[in-house]
Structure formats: structure tokens, C-alpha cells
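What follows is a single structure, written as C-alpha cells, with notes after it.
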Amino acid sequence: MRLVVCGALAIAGISAPRAVQAQAISVDSPASLGTTATDSDEADRVRLVFTNRPSLRVGDLLRVDFRLKLQGDVRTYDSAVSREDGFEMNRKRVGIQGRFLQYFEYEVERELRDENPWRDVFVNVSYFDDFQVRGGKFKMPFSLEELTGPTDLDFIYRTNVVDHLSPGRETGVALHGQFNKRAVGYEAGVFNGDGEDEDARLDRNHRVERTFAARVTGRPLRRARLPAHAGELIVGFAITGGDVPEGLSSLRGRTVFHESFVDPVYVQGRRLRLGLETDWQPGPFSVKGEFIRATDERKNQGVMQEDLPARVAQGWYVSSTWVMTGEAKYGGVDPRRPLFRGGLGALELAARYERLGFGSTFAGETDSTSPRGANLLETSDTAWTGGVNWYANRWIKVQANVIRERIEDANGNAILDRRSFWTRVLRLQFVL
Amino acid sequence: MMRASPVLAVLLLVSNVDAQTLTADDLFNDAVLHEIRLYVHPRDWAALKANFQLNDYYPAHFVWNGQTLRNVGIRSRGTGSRSPIKPGLRVDFNIYDPTQTLLGLTSIVLRNNTQDASSLHERLSMKLFAQMGIPASRTSHARLFVNDEYAGLYLIVESIDRQFLARHFPEIDGYLYKYDWASEYFFEYKGPASALYTPTPFQPETHVKDADPSPLVNMIRTINQAPADGFLEAVSALVDVRTFVKQAAVENFLGDYDGLLGYAGMNNFYLYRSQSTHVSTFIPWDKSEAFKAGPFHPVVWNIDDVPDWVRNRLMDRAMTLQEIRDLYFDTLLACAAVASADAWLDQEIRREYDQVRQAALDDPLKPSTNEEFEDSVQQLLEFARLRSAAVTRDVLRRR
């Protein structure tokens with residue numbers, strides 16, 4: 001695996017000059033496809049071009065961008081953690097994305113592994129800009145951080161809050177669009193399950209049959225008479241709802257080092273997620289935050305088959321970044337002076353605080369960890385993350401994070417062997 | 001949608017009324033046949049029975065004598081006695097709430113006695129151990145109801161845990177092991193690697209996360225390799241040899257062929273190593289196989305009458321010393337004397353039989369028939385009638 005990373009880094013270095021020459025037809029995402037100035041001039045011509053990545057074009061009929069995402073992590077855990085330190089090739093993804101017949105956009109991405117290999121596999125119909133339809137397997141519209149691709153994150157790992165409470169990918173269909181010069185965006189869909197995390201959590205017999213999800217984002221200060229950057233503040237609200245069949249299938253929580261810190265409880269009934277989010281990226285700075293609350297009904301799940309108060313999983317995070325070399329944060333850090341072009345890239349500092357807790361709505365009974373307890377003892381994981389991101393160029397990113405977690409119950413007792421744990425991670429990333 | 005049992009509702013009302021006056025001794029008061037009610041979600045009870053070979057815990061409400069403990073943990077337990085029909089149960093009162101106890105007890109065992117048609121072997125055995133001054137679990141019988149349905153006659157057995165240790169040892173912070181039979185083992189030294197001994201067959205019950213196996217390995221090496229000259233002194237610094245020999249004698253008197261000198265190596269005991277003295281003491285456990293060897297079970301069974309390689313190494317070496325040999329035979333004679341004095345064993349069998357008979361006959365889930373129950377009690381009475389004399393004769397002949 002180390003060879004793969006080294007090879008990718010070498011490719012990035014070699015391809016840098018050619019890539020720069022071709023920057024005039026830069027394409028970054030399906031949303032921006034079709035905006036290039038040269039498309040109409042090159043109608044019906046088959047071309048293979050390299051901007052940020054290899055791309056096959058057949059006039060206006062077809063466009064295929066070839067994607068490659070490699071991430072390798074070097075981790076060291078706390079001495080109290082049984083997991084072994086070392087290197088792991090965390091992501092090896094290949095894929096294609098593009099458009100065909102003018103109004104159809106697509107993406108197919110596959111992880112190079114045997115288990116659950118398919119990531120995004122969807123088609124988007126963009127005939128009406130404000131009312132686009134997407135179908136296939138893709139992320140449910142919930143959580144700013146979850147919807148941010150793994151190669152664009154400010155930190156190596158997503159927060160525990162988002163990782164465990166947001167549903168992730170699922171097959172379904174969604175309507176989405178943006179209004180008022182992209183000041184307001186929305187997405188609403190129906191999905192066949194509760195996200196792919198559910199597969200790891202449950203057997204197929206206990207799956208949520210159908211989940212509804214919706215998310216609205218907007219720039220409320222856009223028209224306010226405030227300093228220019230204030231208008232870039234984005235706030236969002238999201239909700240999901242689905243019916244969970246009877247089973248030991250509550251949402252779970254794990255530490256950064258993959259140790260469970262909360263036992264599952266029996267649930268049955270409505271699973272409701274609510275999410276609030278904000279994102280502000282003025283110049284080289286960024287501030288982000290989310291609050292997520294997920295409740296699981298526990299109908300007939302008491303020892304005497306009585307209804308129990310809902311299980312509650314709730315958490316939030318606040319994070320901030322600063323690009324020390326001055327590049328703008330919005331849209332992704334693009335180094336002014338990339339490596340191999342006479343510069344050293346861009347450097348960014350990042351800090352984050354998060355808390356994820358599990359408990360229940362109050363039942364007036366003694367706290368218990370019983371999977372059928374009325375009043376569930378609250379357990380929580382709070383974590384600080386400090387990080388440095390080095391954007392060597394637009395393909396290579398190196399991230400270093402130090403994470404300190406504190407895991408305890410409501411009485412201040414340690415749940416695992418100790419209360420506090422350190423994790424250190426260095427990530428090497430190459431993206432085409 | 002509350003579906004609470006009317007019985008539980010009443011019990012909840014009177015719950016804890018007598019908490020101030022009751023003690024754990026009341027739970028083990030064998031003068032009465034107790035009644036225990038467990039309330040378990042039907043799905044969990046079905047899962048426990050379906051997965052009876054697993055040690056998965058399920059939440060339950062526990063009701064005894066006006067005491068209601070909510071959200072205790074129950075699981076299937078046992079080795080040969082595990083059953084999907086009449087599960088043996090371990091009840092942990094504090095598994096979901098560390099502060100919850102039943103009159104100071106954190107757990108009990110509800111023995112299903114599926115290997116003992118009389119259901120009396122364990123209770124009679126533990127009573128004799130106690131009379132012989134050997135630390136032994138307290139027991140009493142109970143009718144068990146699960147979700148208000150009679151689930152059979154069970155034996156309440158005191159767990160070997162910190163509460164038990166507190167009753168028998170000056171300190172309780174030492175290392176407790178449960179012997180978890182995996183294959184024939186006769187206490188031989190298998191090498192210096194601790195993994196050869198623990199967690200199988202010596203399964204840590206305390207200090208699970210900070211196990212220090214080296215004293216255990218050292219004890220076994222000393223038992224096997226200490227020079228004959230000074231053997232007792234060397235081994236006694238690490239093992240309570242005398243209690244071990246007394247326990248072996250009581251087990252022999254009881255006709256138990258599945259104990260320290262069992263037919264398949266050692267079995268059915270705990271080992272407790274004091275943190276201050278570093279001396280390990282054996283504690284008897286699970287005597288469902290007692291009495292089965294019959295009243296004429298040889299007193300030197302698996303001691304002098306088997307090849308060297310299937311002899312228990314500690315017993316074998318200890319019995320070469322006259323002092324220990326005398327202790328073994330004296331303990332057998334003492335057992336015989338206790339059992340025969342005022343026909344104690346006979347009377348105890350009859351007393352317990354009278355107490356549990358109807359509950360046993362009514363037990364819908366027991367694996368034996370009512371005729372087998374009655375026959376097994378008759379065999380016990382026969383054992384009581386003949387055993388003391390047989391042992392006395394055998395001891396006098398072998399000495």
C-alpha cells in the first residue's frame with residue numbers, strides 16, 4: 001500500500017506542469033459541468049484532455065471524468081488501546097463522473113475492496129435547474145459534514161457526532177435545487193433504508209424499510225447591510241424520519257479508535273433525526289458547527305412490554321480553520337504557489353471540539369444501562385482535535401491530527417479502561 | 001401500552017417494605033421453600049432459551065419476598081446442565097446498575113438441576129462442606145415463576161464472589177479463578193507460559209484486566225517440582241494443602257466423581273489466591289454429580305488405584321506424607337461421623353424432600369419423570385444408610 005501512495009505522489013508531481021497548461025478547461029464537479037468556454041467549439045469531436053484529472057469528451061453528447069482517490073493513514077493510539085499502531089490504506093476509490101445528453105449527469109464510484117464496494121452510483125436529471133431529480137445510491141441530505149466528501153474535510157476524521165448519527169448513503173430518489181441565485185438550496189428524498197451504516201449495525205431483518213429525508217440551506221444575511229463576508233454565512237436545517245422495526249437496533253457510538261462506548265438498546269417505532277448546521281468561510285478563515293439529535297421510539301420494549309421513553313442520541317461540534325498562507329477557504333483551498341511550481345503549497349491550522357451523548361428522555365427511574373431500562377444512563381464522548389493541513393498542490397494533501405477524547409457516563413465514571421485517550425493520525429492524500 | 005402483570009403490580013406496591021429487616025441469610029434460609037418471580041420480555045426469554053449455549057445477558061425484573069429489583073441481568077449458565085427447556089440461570093443484580101444489590105448480594109445462581117433428578121445433591125453437599133469447615137456456598141430451594149408461569153424447582157446458590165469471600169477470608173482483594181473445564185488436566189506443570197493455564201482452565205473472576213498469572217504458574221511448578229524433602233513447606237506457602245485434601249475427602253465421601261479428583265481430571269471448583277499471603281485456597285462448586293458414585297465408592301478412588309499419569313499431582317505428592325494421608329482419612333471418618341450422628345444425612349434428605357416434593361412433582365420442565373424423582377430420593381436415602389459404614393470400613397482397611 002505504501003507503494004500505491006508513493007506512486008500516486010510521483011504521478012502528481014510529474015503531471016503538475018501539464019495540468020497547469022490545461023487549466024483553462026477546469027472542471028471540478030458535476031454541478032459545474034458544461035460551463036467551459038470551449039465546449040461549443042469542439043462539438044462532436046472526441047478528445048482526451050487532462051485538466052485536474054483525465055477526461056474523455058465526445059462533443060456535447062458525453063463527458064467522462066476519471067477519478068482516483070487515495071488516502072493512507074499512519075495512526076498511533078493511546079497505550080491503553082488494544083488496537084495496533086501502524087499504516088492503513090484508508091481509501092482506494094476509483095470512479096467516473098460526467099454528463100450525457102446535456103441534461104443527465106452521473107457518478108459511479110467504487111472502493112477497491114470486497115465488502116460494500118459501491119459508493120456513489122447515481123444519475124441526476126437537470127432539465128429544470130430549480131427542480132433536479134437524482135436517483136440511485138447517494139448520501140441522504142443530512143449534515144453538512146456528512147455531505148462533504150472525505151477528501152475535502154478539514155480534519156482527517158469526521159466528528160463522532162456526524163459519523164454515528166447521520167445516515168450516510170442509501171438508495172433512493174431525491175428532488176433538489178437552488179433558488180434565488182443559489183441563496184436557498186433544498187433537497188428532499190425518499191430512501192430505501194436508514195443509510196449504509198445500518199448495514200453494519202443490523203441484520204437485514206431489522207432494517208428500516210423507508211426513510212424520508214430533507215435539508216434546506218440558505219444565506220439569511222445575504223441581503224443584510226453587513227460587511228461583505230457576513231453574507232456568506234450559511235445556515236441549514238435537516239430532518240429524516242423512518243420506522244425502525246423491533247430489535248436491538250438503536251444508533252451506536254464508537255470512539256475514534258473504534259471502541260464502542262454505548263450498548264445498543266431495544267427500539268421500535270419512529271426514528272427521527274433533526275440537524276442544524278452553520279458554515280461561514282470568510283477569506284482564509286472558516287467556522288462550522290452542527291447540532292444533531294436523533295430519537296428512537298421504544299414501543300412495547302419494556303420488560304413488561306410497556307412503552308419506554310425514547311432513546312436519545314445527541315451531539316454537536318464547532319470547528320474553525322485558518323489558512324496561514326492566505327488562500328481563500330471557500331470552494332476548497334487552492335494553493336497560490338503549489339509544490340513543484342516554485343512554491344511550497346498552502347498551510348492551514350484547524351481546531352475542533354465535539355460532544356456525542358446517548359441517553360433517554362427522563363422517566364423518573366434510576367439510571368440504568370439495561371437495554372430495556374426506562375431511564376438510560378447517559379454516556380458521552382467529548383473530543384478535542386487539533387490539526388495542520390498542508391495542501392501541496394491541488395492533488396496532494398497531507399493532514400496531521402491530534403485527538404483527545406474523554407469518555408464517561410453521567411456520573412463521571414469511566415466507561416472504558418480509562419477516561420481519556422489520545423489518538424494521533426497522519427494522512428497522505430492523493431486525488432485526481 | 002402497559003401490559004404489566006397484576007401480580008407484579010401488587011408486588012411493586014409492597015416492594016422494599018421489609019428491606020430494613022431482611023438480610024442475605026433470609027434468601028438462603030433453607031427452612032422454607034422460597035418463591036422467586038422473574039419478569040422477562042417474552043422476546044428475550046425466547047432468545048435466552050434459543051441461545052442457551054451463549055452467555056448473553058437479558059434484562060429482567062426480579063421479585064423475592066417483597067423485594068423487587070428492576071433491570072437485573074439474567075443469562076443461561078452451566079456446562080452439562082445447560083438447557084433450552086429449563087435454563088440454568090445466573091442473576092446479576094448490578095449488571096445494569098452498579099449500585100443495585102439484593103441485600104448486599106450482587107449475584108446468585110438459579111441451578112436447574114437437570115443432571116440431578118432429586119434436585120438435592122448440591123444442597124446436601126454444600127451443607128456437609130460447611131459442617132466440615134470448608135468454605136461453601138449457601139443454598140436454598142425456590143419455586144421459580146417466569147412471567148407468572150411456573151418454570152420449575154430451582155436451587156438458589158450463593159455465587160462465589162467478593163461477598164462470598166468476605167464471609168470466609170480475612171481479605172477479598174485477591175485473585176479469584178473459576179476452574180473452567182476444557183480437557184483432562186491433573187495439575188501437571190505444562191511449561192512456563194501462563195497461557196497454558198489461564199484464562200483456560202483457570203478463568204479470572206477478579207482482576208480480569210490486571211491479571212497477574214505468574215503466581216499461578218509458580219504454584220503449579222512448585223507442586224510438580226518441589227523436592228520431596230520440604231515439599232509440604234514449599235507448597236504450603238502457595239496452596240492451602242490441608243483444605244485441598246479435606247475438600248477431596250468430603251467429595252469422596254459424597255460419592256462425587258466430578259470434583260478435584262474427577263474422572264476427567266479436576267473440575268468444579270474455584271481457586272482464591274490471597275493478595276496478602278499469596279496462598280491459594282480451593283472452594284467447592286457444583287455438586288450435582290455428588291452421590292452418583294454410590295455408597296461403596298472406594299475411599300482411594302483416583303488416588304491409589306489409577307496409573308501415575310492420571311493422578312492429581314498435588315494429591316499424589318501430598319499423600320506420600322503421613323500427616324496428609326492421616327488428614328485425608330480422618331476427614332473421611334469425620335464425614336462418616338457427621339452423616340451418621342442422629343442419622344443426620346438421612347434426616348436432612350427427608351427434610352429437604354418433604355420441602356420440595358410438591359414443587360418437584362409440579363415442575364413441568366424438569367427433564368426427569370416424577371418416578372425418577374422419587375427413585376433418586378430413595379437412592380439418596382440408601383446412600384445415607386450405607387455410606388458412613390462403608391467409608392469407615394474402607395478407611396480402616398486402607399490405613
Side-chain angles (χ1 to χ4, degrees), chain A residues 79-82 203 205-206 244-250 259 262-269 297-311 358-360 363-379 408-419, chain B residues 1-13 15-16 19 37-48 50-51 54 56-63 67-75 91-102 145-149 207-211:
Chain A
S79 58
V81 174
S82 58
D203 62 62
N205 297 327
H206 290 146
V244 185
E246 182 176 20
L248 204 59
S249 47
S250 59
E259 196 75 39
V262 60
D263 293 324
V265 300
Y266 289 96
V267 297
Q268 181 174 244
E297 286 185 338
R298 296 193 286 163
K299 290 179 178 172
N300 309 329
Q301 295 309 300
V303 166
M304 308 298 296
Q305 301 183 70
E306 75 276 23
D307 293 348
L308 295 174
R311 167 80 170 326
F358 293 84
S360 62
E365 195 176 283
T366 311
D367 287 346
S368 167
T369 57
S370 164
R372 297 195 187 279
N375 212 36
L376 297 173
L377 179 69
E378 186 184 322
T379 54
E408 59 190 2
D409 65 25
N411 300 322
N413 299 316
I415 297 166
L416 306 176
D417 290 346
R418 288 197 340 221
R419 249 189 215 88
Chain B
M1 185 163 50
M2 185 74 180
R3 297 183 193 167
S5 147
V7 178
L8 178 64
V10 172
L11 292 171
L12 285 172
L13 285 174
S15 167
N16 298 321
R37 289 179 182 269
L38 286 174
Y39 293 92
V40 193
H41 194 285
R43 180 192 168 99
D44 291 350
W45 186 237
L48 184 148
N51 303 305
L54 303 179
D56 293 346
Y57 276 97
Y58 300 88
H61 297 335
F62 177 95
V63 181
Q67 306 291 302
T68 300
L69 278 69
R70 302 173 73 90
N71 283 299
V72 304
I74 63 170
R75 70 164 174 86
V91 182
D92 281 85
F93 302 115
N94 65 345
I95 191 165
Y96 299 124
D97 175 2
T99 64
Q100 181 166 259
T101 65
L102 175 66
F145 292 81
V146 176
N147 295 335
D148 294 330
E149 283 189 19
H207 296 274
V208 175
K209 290 178 178 171
D210 60 337

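Proteins get letters first, then strands, A, B, ... in listed order; numbering begins at 1 in each.
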Exercise. What pair of heavy atoms forms the shortest contact from A:E246 to B:H41, and how long is it?
Worked result: OE2-CE1, 3.6 Å
Problem set entry | Interatomic distance, A:L376 atom CG to B:N71 atom CG [nearest 0.5 angstrom] | 9.0 Å
Problem set entry | CZ on B:R70 to OG on A:S368, rounded to 0.5 Å | 10.0 Å
For this session: Name all residues meeting the side chain to side chain donor-acceptor pair (under 3.5 Å) criterion together with A:D263; count only those two or more places apart in sequence or in a different chain, and write none if there are none.
Result: none
Exercise. How about A:Y266 and B:R43: do any of their side-chain heavy atoms sit closer than 4.5 Å?
Worked result: yes
For this session: State, yes or no, whether a side-chain contact exists between B:Y96 and A:P371 at a heavy-atom distance under 4.5 Å.
Result: yes
Seminar exercise, completed: Applying a strict 4.5 Å limit to non-hydrogen atoms, the region of A:T366 in contact with chain B is side chain
